[in-house]
Amino acid sequence: MKNYKLLLATFSFLTLSPLAEADVTQAAHDVKETTVHVAKKTGEVARNAGHATAHAAKAAAHGVASTARKGYHASKQAAHKATR
């Protein structure tokens with residue numbers, strides 16, 4: 001009877017081991033896929049933040065240049081009016 005229980009336990013272990021290994025393999029694959037997906041999304045967010053920052057800086061620089069240009073032309077016209 002003792003040998004029968006030992007044989008049954010050994011057989012059960014050998015039968016279930018590949019299933020457990022497959023489950024661990026599947027879990028590892030799922031973790032890898034999730035990590036890759038999260039890394040891609042993080043990269044997209046960083047890229048979009050960089051583009052937004054660059055766009056804001058460009059818009060601010062254009063505003064400064066436009067204001068400077070208007071000020072230059074206003075000063076130039078005022079100088080021409082004063083010398084006439």
Side-chain angles (χ1 to χ4, degrees):
M1 186 67 156
K2 192 174 191 180
N3 287 339
Y4 178 72
K5 287 183 181 180
L6 181 63
L7 184 62
L8 182 61
T10 304
F11 180 73
S12 298
F13 178 74
L14 291 175
T15 304
L16 296 177
S17 289
L19 296 175
E21 184 180 339
D23 190 39
V24 170
T25 303
Q26 181 62 36
H29 180 71
D30 291 344
V31 167
K32 178 187 172 202
E33 290 297 318
T34 303
T35 303
V36 168
H37 178 71
V38 168
K40 285 182 181 179
K41 289 295 181 185
T42 302
E44 289 175 11
V45 168
R47 184 188 70 223
N48 290 342
H51 285 197
T53 303
H55 180 72
K58 186 176 178 181
H62 281 226
V64 168
S66 176
T67 303
R69 190 171 28 259
K70 288 177 184 176
Y72 169 77
H73 288 297
S75 298
K76 188 176 172 183
Q77 285 179 352
H80 279 277
K81 285 183 182 180
T83 57
R84 287 186 180 178

Show which side-chain atoms of residues 35-42 pair as donor or acceptor with protein atoms under 3.5 Å away, not counting sequence neighbours.
residue, atom, partner, partner atom, Å
T35, OG1, V31, O, 2.7
T42, OG1, V38, O, 2.8

Below 3.5 Å, can you tabulate the donor-acceptor pairs from side chains in residues 69-78 to any protein atom, sequence neighbours excluded?
residue, atom, partner, partner atom, Å
S75, OG, G71, O, 3.0

Once side chain to side chain donor-acceptor pair (under 3.5 Å) is applied, do any residues pair with D30, and if so which ones, sequence neighbours excluded? Q26

Show me the donor-acceptor pairs within less than 3.5 Å that the side chains of residues 46-68 make with the rest of the protein, sequence neighbours left out.
residue, atom, partner, partner atom, Å
N48, ND2, E44, O, 3.4
T53, OG1, A49, O, 2.9
T67, OG1, G63, O, 2.9

